[in-house]
Q: 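Provided herewith is a single structure, encoded as C-alpha cells, for subsequent inquiry.
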Amino acid sequence: MDWLYNFIQSAVENYGQFFSWDAITSTLSDPVSWGIIASLILLEGLLSADNALVLAVMVKHLPEKQRKKALFYGILGAYVFRFLAIGLGTYLVSFTAVKVAGALYLFYIAYKGLFKGGDEGEAENKPMSFWKTVLMVELMDIAFSIDSVVAAFGLSNQVWVLFLGGLLGVLMMRGVAQVFLKLIEKFPELEMAAFILIAIIAAKMMLGVFGIHVPHLAFFGVLIGVFAGTIYYSSMKKKKTAQ
C-alpha cells in the first residue's frame, strides 16, 4: 500500500502548491516558466480555435443570456478538470510507463492530425434544455482539454506553470478564437504546425524517459523556429501561387 500512501501524499503536496505564495512568486519570477506558459498558450490557441466554434454551435439554440451562462459554466468545468488533472498527473507522470504512454499518445495525435486530416465532422445543433446543454459543453470542454493537458506534462511538471498555461489557454480559446481562426485562414499551414509542435513535445517527453534532457533555450528556439518558419513558408507559397 506504499504506492497509495505516496500517491495521496503527492496529491496533497501538489494541491498545496496552488495556495503557496512561494510557489506562485517563483513561477512568476522565472523567465523559463513564462516561456513554457507562452508555449502552452500558443499551442492551445492553435489547436482550440475550431473547438471554440463547435461550442458556439452547441449553445446557439439558447437565448443569448443563457448562451453566456452555459459557456461560463463550461469554462468553470474546464478549470476544475485541469485543477484535478494537474494535481494528480504531476505524480503519475513521474512513472516511466506513464511518460511513455503520454509520449506515444501525443505521437498518435500528431500522426492523426498530419496524415489523417483530423476530420471529426461538424457538431450538430439539436435543441436541448439549458442544463443538458451545459452538461454537453462541460463534456466537450473536458474532451478538448485532455490533449492539451497531456502535452503540458511533456513541457513541465510545475503545478503553477501548468495551471497558468491552461488557465490562459482556455481564456484564449473562448476570448480570441477569431484571432487564431483568422491567423490560420491567412496561414493555413499553421494548423499542421500545431501538430508538428505536439510531435516535438512528444519527442522531448520520450527523451526524458531515457534521461536525455533538452535545454530550455534550445527547445524554445525549435518551437519559435517552427512557428516562424511555417509563416514564412506559407507566405512564400502564397506569393508563388499569386504569380
Side-chain angles (χ1 to χ4, degrees), residues 3 7 10-11 14 35-52 54-55 77-121 123 138-159 161-170 172-173 180 184 190-214 216 219-220 222-223 226-227 230:
W3 67 269
F7 177 72
S10 175
N14 288 335
I36 295 172
I37 290 168
S39 302
L40 291 173
I41 293 171
L42 175 63
L43 189 62
E44 184 108 38
L46 290 174
L47 290 174
S48 302
D50 289 335
N51 297 347
V54 172
L55 294 174
Y79 287 154
V80 170
F81 171 75
R82 285 168 187 273
F83 178 79
L84 295 173
I86 290 168
L88 301 177
T90 44
Y91 171 74
L92 295 175
V93 83
S94 63
F95 291 99
T96 300
V98 175
K99 279 186 180 178
V100 171
L104 291 176
Y105 177 65
L106 291 178
F107 276 128
Y108 170 71
I109 294 170
Y111 168 75
K112 191 171 68 169
L114 290 169
F115 301 108
K116 293 191 175 182
D119 184 16
E120 297 177 16
E138 294 281 9
L139 293 174
M140 194 63 71
D141 265 322
I142 290 173
F144 290 158
S145 296
I146 290 172
D147 294 351
S148 301
V149 168
V150 175
F153 283 125
L155 291 176
S156 177
N157 61 356
Q158 294 182 47
V159 168
V161 171
L162 296 172
F163 190 65
L164 277 177
L167 180 88
L168 297 174
V170 171
M172 290 280 282
M173 182 178 81
F180 277 95
I184 290 171
L190 278 177
E191 198 163 359
M192 294 294 99
F195 293 105
I196 293 173
L197 294 180
I198 286 180
I200 292 170
I201 292 170
K204 181 178 182 291
M205 200 172 189
M206 190 63 81
L207 287 172
V209 171
F210 298 99
I212 303 171
H213 300 286
V214 181
H216 290 300
F219 180 70
F220 294 146
V222 171
L223 293 186
V226 169
F227 185 70
T230 302

Q: With rounding to the nearest 0.5 angstrom, report the NZ to CD1 distance, Lys204 to Ile201.
A: 8.5 Å
Q: Checking Ala103 now: which residues fulfil side-chain contact (heavy atoms from CB on, under 4.5 Å) with it, not counting sequence neighbours?
A: Met205, Met206
Q: Do you know which two heavy atoms are closest between Val226 and Thr230, and how far apart they sit?
A: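 Of all heavy-atom pairs spanning Val226 and Thr230, the closest is O-OG1, 2.6 Å.
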Q: Going from CG on Leu164 to CD1 on Ile37, what distance comes out if it is rounded to the nearest 0.5 angstrom?
A: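 These two atoms lie 4.5 Å from each other.
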Q: Looking at Val222 and Ile200, what are the two nearest heavy atoms and their distance?
A: CG1-CD1, 3.7 Å
Q: Looking at CG of Leu190 and CZ of Phe227, how far apart are the two atoms once the value is rounded to the nearest 0.5 Å?
A: 5.5 Å
Q: With sequence neighbours excluded, what pairs up with Ala199 under the side-chain contact (heavy atoms from CB on, under 4.5 Å) test?
A: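 Ala199 satisfies side-chain contact (heavy atoms from CB on, under 4.5 Å) with Ala110 only.
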Q: Can you tell me how far apart CG (Leu114) and CZ (Phe107) are? Round to the nearest 0.5 Å.
A: 11.5 Å
